[in-house]
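Everything on this sheet refers to the single structure shown next.
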Amino acid sequence: MTFAGGCRCGAVRYELDSEELPLTYACHCLDCQTWSGSGFLLHAMVPEDTLKISGEAVRLRLPADAEAMPSEHIGCAACLTRIANTNSAIPGMAVLKVGTLDRSNEVTPAAHIWMSRAQPWITLDENTPIFEETPSPEAFAEAIAGE
Ligand SMILES: [Zn+2]
Ligand SMILES: [Zn+2]
């Protein structure tokens with residue numbers, strides 16, 4: 001099945017090939033607060049070839065000293081919505097910005113990372129796995145398997 005989404009103005013649309021809504025996590029790091037202009041960003045790691053982007057998407061890279069892990073950011077030049085990024089640390093994967101899904105209202109994050117930088121008013125239910133910073137892939141997988 002596919003899940004559709006797109007940017008704020010509609011110039012960039014995408015379809016995600018997936019059996020279910022993608023496993024989503026919230027990142028509260030300062031970069032994600034800046035990117036989103038909000039308290040956190042919702043991300044989902046999906047195989048790059050399952051994400052079919054249509055329309056006038058632009059791809060950009062930040063200056064080399066701005067990112068520890070060089071990433072390519074994909075978004076809409078008309079409305080400045082970022083749709084996804086790839087990251088050299090996870091070849092073949094795309095990190096989808098889950099708030100751009102048409103059905104984002106049905107998504108609940110499975111984990112929260114970078115809680116050390118979270119806005120102080122954010123409170124989470126105690127059953128949701130949290131990490132102070134970026135967890136190791138193993139720790140993250142273990143935490144969400146316990147869901
Ligand atoms: Zn747009
Ligand atoms: Zn972040």
Side-chain angles (χ1 to χ4, degrees), residues 2-17 21-48 50-105 107-145 147:
T2 60
F3 296 94
C7 68
R8 176 68 181 84
C9 79
V12 177
R13 294 289 298 168
Y14 64 83
E15 288 195 333
L16 174 69
D17 241 315
L21 283 162
L23 183 101
T24 297
Y25 63 96
C27 182
H28 298 257
C29 82
L30 194 56
D31 288 341
C32 284
Q33 293 188 31
T34 304
W35 274 115
S36 67
S38 183
F40 54 87
L41 247 172
L42 295 172
H43 304 282
M45 259 184 245
V46 301
E48 207 175 350
T50 64
L51 187 62
K52 305 269 185 304
I53 298 177
S54 56
E56 300 293 306
V58 292
R59 292 167 180 266
L60 67 90
R61 285 176 180 277
L62 299 185
D65 59 354
E67 289 185 308
M69 289 292 180
S71 298
E72 187 171 65
H73 301 276
I74 306 161
C76 176
C79 70
L80 305 180
T81 305
R82 191 171 58 136
I83 300 286
N85 66 276
T86 57
N87 184 314
S88 54
I90 45 169
M93 301 296 281
V95 185
L96 180 67
K97 308 310 154 196
V98 175
T100 64
L101 276 172
D102 293 346
R103 291 171 62 180
S104 61
N105 58 314
V107 174
T108 302
H112 291 252
I113 71 171
W114 275 96
M115 287 306 291
S116 59
R117 298 306 298 265
Q119 295 276 325
W121 45 266
I122 290 178
T123 54
L124 301 172
D125 82 84
E126 57 196 25
N127 298 319
T128 304
I130 64 167
F131 297 91
E132 289 303 301
E133 295 184 4
T134 302
S136 68
E138 296 76 21
F140 186 77
E142 194 177 313
I144 60 178
E147 279 286 280

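Both counts, for ligands and for their atoms, begin at 1 and track the order of listing.
Tested against Asn85, the residues Glu72, His73, Lys97 include a single side-chain hydrogen bond (donor to acceptor under 3.5 Å, both in side chains) partner, Lys97.
Note on the Zn ion (ligand 1): protein N, O or S atoms under 2.8 Å away count 4, no waters included. The count of protein N, O or S atoms under 2.8 Å from the Zn ion (ligand 2) stands at 3, with waters excluded from the count.
A donor-acceptor contact shorter than 3.5 Å links the side chain of Thr24 to the backbone of Pro22. Remark: side-chain polar atoms of Ser36 are not paired, donor with acceptor, to backbone N or O of Leu41 under 3.5 angstrom. The main-chain N or O of Thr100 is never found under 3.5 Å from a side-chain atom of Ser104 such that the two would form a donor-acceptor pair. Gln33 contributes a side-chain N or O that, together with a main-chain N or O of Arg117, makes up a donor-acceptor pair within less than 3.5 Å. A donor-acceptor pair under 3.5 Å is absent between the side-chain atoms of Tyr14 and the main chain of Gly55, judged by distance alone.
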Which pairs would a plain distance check flag for residues 107-116, meaning a side-chain donor or acceptor within less than 3.5 Å of a matching protein atom at least two apart in sequence or in another chain?
unit_1, atom_1, unit_2, atom_2, d
His112, ND1, His28, NE2, 2.9
Trp114, NE1, Thr134, OG1, 2.7
Ser116, OG, Glu132, O, 2.7

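The ring pair (Phe, Tyr, Trp, His ring centres under 6.0 Å) test applied to Tyr25 returns His43, Phe140, not counting sequence neighbours.
At a threshold of 4.0 Å, the pair Asp102-Arg13 counts as salt-bridged, since one of the basic side-chain nitrogens sits closer than that to a carboxylate oxygen.
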